[in-house]
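For reference, the structure is listed below as structure tokens.
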4 protein chains.
Amino acid sequence: MSPNRPGRPRDERVDAAILQATRVLLAEAGYAGLTVAAVAARAGIGKAAIYRRYATKQEMVFAATMHGAQVPQPPDTGSLRADLRWLAATITGMIGAPGVGGVLGGLLADMEDEAVATAMRGFAALERATIALILDRATARGELPAAPDPAFVHAVMMGAIFARLHVFGEGDREGFADDLASTVAGGLIHPAGGLPRQGDGTATPG
Amino acid sequence: MSPNRPGRPRDERVDAAILQATRVLLAEAGYAGLTVAAVAARAGIGKAAIYRRYATKQEMVFAATMHGAQVPQPPDTGSLRADLRWLAATITGMIGAPGVGGVLGGLLADMEDEAVATAMRGFAALERATIALILDRATARGELPAAPDPAFVHAVMMGAIFARLHVFGEGDREGFADDLASTVAGGLIHPAGGLPRQGDGTATPG
Amino acid sequence: MSPNRPGRPRDERVDAAILQATRVLLAEAGYAGLTVAAVAARAGIGKAAIYRRYATKQEMVFAATMHGAQVPQPPDTGSLRADLRWLAATITGMIGAPGVGGVLGGLLADMEDEAVATAMRGFAALERATIALILDRATARGELPAAPDPAFVHAVMMGAIFARLHVFGEGDREGFADDLASTVAGGLIHPAGGLPRQGDGTATPG
Amino acid sequence: MSPNRPGRPRDERVDAAILQATRVLLAEAGYAGLTVAAVAARAGIGKAAIYRRYATKQEMVFAATMHGAQVPQPPDTGSLRADLRWLAATITGMIGAPGVGGVLGGLLADMEDEAVATAMRGFAALERATIALILDRATARGELPAAPDPAFVHAVMMGAIFARLHVFGEGDREGFADDLASTVAGGLIHPAGGLPRQGDGTATPG
DNA sequence: GTTTAACCGAGACGGTACGTCGTGTCTTTCG
DNA sequence: CGAAAGACACGACGTACCGTCTCGGTTAAAC
């Protein structure tokens, strides 16, 4: 932390080697087949160098897969539906690879629900900022009367894609992203029941 | 299998004890903390009695948590939106309990993606029949021009609920089910962009 | 322990394989170079089977090297000196092999002094019975006025041989056993100072 | 080495702190429980300062325990037996402390037998000079016809004391040193079987 | 007075053994 | 043959230690 703490500093190449080896082995063997010893061997380092950085295997995997994930800036396509279409494609690109289901599942199982929630929230905030931008644009454009809760849209978009790909294992059928974008955009613009959901913009309890 | 096979028949109380002990221990220690030996000890039986019934720990957990789950008949509320509201509450009741995220995650991590998909499909088929019924009613009622793919609606509804509760850990905020039902119903009735997949990226004026 | 306790009984071939592999690897690599994993691999068993029997590596080595060591019956050569000569040769045969110094040293270092003393006492009792027999014969023969403490003779004989071979590393010079036997026999028969050491036959304090 | 080599000279307080910390921790935790890092921490120095002086942990321990041990000049008591009695007490003072068994054992286990022998020989030479002096005096005094091999007497005296205290863990019974001195002195003066090694196995009439 | 080279504390590094634990199979005795 | 008990082979886990190396910084002798 402190820039001038005593002792030999951590070798940044070791950090990178750990994360890289973790990603490679996750792709090769999956989450259940991943061992810390194999990561160390692949990275050409000792196990202690890993445990000096991450207390458990789960933390290491989380760092290797989630940390530093970048959400690109959304292009302004001119319509909410097309923006959401881009978002669906982006999310699919991030979590669509085979094996990601296992990784995310393993993290879900190994960390306590509260721990994973804490860890996820940081990551989720990035995506939500992007989503908020999309929703604000649509509001400014006049498509939406008021910006909905980005967390709500996030859960729907991410959840639907994850469930289809990794829970039901149904592959990335071509029209799925289209349907999803059309349905969510349409539903946000014309919610059934006509209830004006005013003021749920930031309600995220607990 | 055969009703009159030779030898001593399986003790049905053992079957029940295994499933019950599995559920209790899942609640106590979570999926990652669950061991077959602990289930056997809790059930007052031997490990062999478990492995005679289930080939792996995963099968046992699947049987204890998923198998036999009943999806109740949907009441005909008179509107798609209200039917989906009921569906959201039902799904929340089934997968909303704390720990379910860990169980599903663990299954996802331990089985290969394809295996979990196969196992899930049987379970999913039940829910999809229910969803199909809801969609057919809405079509007959005239709310929808044609019944959409139940698998699509299933992924959106289940995925959104699962993501909110177990991935982001945001609890069951009161309005969430309402918003979800309104948005999905509205989106199915009025998909943005007119008819599905007839060109996207083009601005549709608000 | 109990002949009819429940569960699968220990496999005696595993016991034997552990001890045999331990001895082989001690001879090959020495005490410091011995690993539990290597013993397991050599014996064709798992590590758990070893730790089910011995709590630590040291216990295993002790069992493999000390336990069940047999002290042969001493031939009645007709003189104390010749009997002690035989004893010196026997002890040399038991502890003279290269590597025994390391094994005994390792046990000395790893066990607490009190633990090794306890463990050793059981083994020492066997040798002491033999020594007591030799001394009793000499007394009956009239060579000695009263039988000295076997523990004293044991310490002198074993200690001298161990020190020469393993502490000073001076090899088994031919005449050493002769000199040792002559000196100890002579000293017991004619102790300098002429003090009649009456009644130190069994004094072994705490 | 060279008195005027360039660079900062070694800090002599560091030398002393290493040896002192080693001795303290040996007494506290024993040889097996001693770690180089703990010695460094206790001495308030870095590990590198230790390894700059000693190539291995064993060398450090050897230096801390054996090196510089002084064998005092033997008082001329006027009899071989009394001289050996003094020698026994002196050796007991040097190796009698609890923990010495573990230290010597550990060195025996970690160094190869030949290495420890080499290291020991330097130390042993000091004691042997003292023993040679005692034996020469006895010869001059007429107690012995010819001076025996000091190495032989060394092995017997040291070995017996070490075995009693550290192998059998029998404590320093009061009369033990007396018995040892009387027996060895008597045996050197009156070796059984007449002259050394002129046939054994033949009965020598009492 | 610089320069220079070895020193110093601190602690990260690669490597390796430890003892524990979990999985799924096998082997007993008993009912 | 089923069941309870528990031993079996295998192998990953996280901890600890060794001996080496790398920091930033200090200290005396050599220039």
Side-chain angles (χ1 to χ4, degrees), chain A residues 3-11 13-14 32-38 40-41 43-57, chain B residues 5-11 13-14 32-38 40-41 43-52 54-58 110, chain C residues 3-11 13-14 32-38 40-41 43-57, chain D residues 3-11 13-14 32-38 40-41 43-52 54-58 110:
Chain A
N4 277 15
R5 64 172 167 179
R8 178 177 177 176
R10 299 263 173 94
D11 188 338
R13 290 169 308 183
V14 170
L34 184 78
T35 71
V36 176
I45 60 171
K47 277 204 303 174
I50 293 178
Y51 282 106
R52 210 172 285 121
R53 290 165 170 78
Y54 310 106
T56 64
K57 173 178 147 179
Chain B
R5 62 172 166 182
R8 175 177 174 178
R10 297 238 178 115
D11 187 338
R13 289 168 311 182
V14 169
L34 183 80
T35 70
V36 176
I45 60 170
K47 280 204 302 174
I50 293 178
Y51 282 105
R52 213 171 284 121
Y54 310 105
T56 65
K57 171 179 152 179
Q58 289 80 41
D110 284 343
Chain C
N4 278 14
R5 64 170 166 181
R8 177 176 177 175
R10 299 262 172 94
D11 188 337
R13 290 168 309 183
V14 170
L34 184 79
T35 70
V36 176
I45 60 170
K47 278 204 302 175
I50 293 179
Y51 283 104
R52 209 173 287 123
R53 292 166 168 78
Y54 310 105
T56 65
K57 173 177 148 179
Chain D
N4 280 12
R5 62 172 166 181
R8 176 179 175 177
R10 298 255 173 95
D11 187 338
R13 289 167 309 182
V14 169
L34 184 79
T35 70
V36 175
I45 60 170
K47 280 204 304 173
I50 293 177
Y51 282 105
R52 212 173 284 123
Y54 310 106
T56 65
K57 173 179 149 178
Q58 289 80 41
D110 284 343

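The figures that follow rest on heavy atoms only: side chains count, while hydrogens, waters and symmetry mates do not.
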- Task: Please determine if a side-chain N or O atom of A/K57 lies less than 4.0 Å away from the OP1 or OP2 oxygen of F/dA12.
- Result: no

Strictly under 3.5 Å: I want the nitrogen or oxygen pairs between protein and nucleotides 8-10 of chain F, one per line.
unit_1 : atom_1 : unit_2 : atom_2 : d
F/dC8  : OP1    : C/D11  : N      : 3.1
F/dC8  : OP1    : C/R53  : NH2    : 2.8
F/dC8  : OP2    : C/R52  : NH1    : 2.5
F/dC8  : OP2    : C/R53  : NH1    : 2.9
F/dA9  : OP1    : C/G44  : O      : 3.4
F/dA9  : OP2    : C/G46  : N      : 3.0

- Task: Measure from the side-chain heavy atoms of C/T35 and tell me the nearest of E/dC18, F/dT15, E/dT23.
- Result: E/dC18

- Item | Partners passing side chain to side chain donor-acceptor pair (under 3.5 Å) against D/R13 (at least two apart in sequence or in another chain) | D/D11

- Message: Please report the distance, rounded to the nearest Å, between CG in A/L34 and P in F/dG11.
- Response: 17 Å

Got a list of protein N/O to nucleotides 2-4 of chain E N/O distances below 3.5 Å?
none

- Query: Who are the salt bridge (charged side-chain N to carboxylate O under 4.0 Å, His left out) partners of A/R53, not counting sequence neighbours?
  - Reply: A/D15

- Query: How would you list, by chain and number, every residue that makes a salt bridge (charged side-chain N to carboxylate O under 4.0 Å, His left out) with D/R52, sequence neighbours excluded?
  - Reply: none

- Which part of the nucleic acid, if any, lies within reach of A/I50 when heavy atoms closer than 4.0 Å are counted: base, sugar-phosphate only, or nothing? nothing

- Using the test side chain to side chain donor-acceptor pair (under 3.5 Å), find all partners of A/T35 that sit at least two apart in sequence or belong to another chain. none

- Item | side chain to side chain donor-acceptor pair (under 3.5 Å) involving C/R8 - partner list, sequence neighbours excluded | none

- Counting side-chain heavy atoms from C-beta on, which of E/dG24, F/dA5, E/dG19 comes nearest to B/Q58? E/dG24

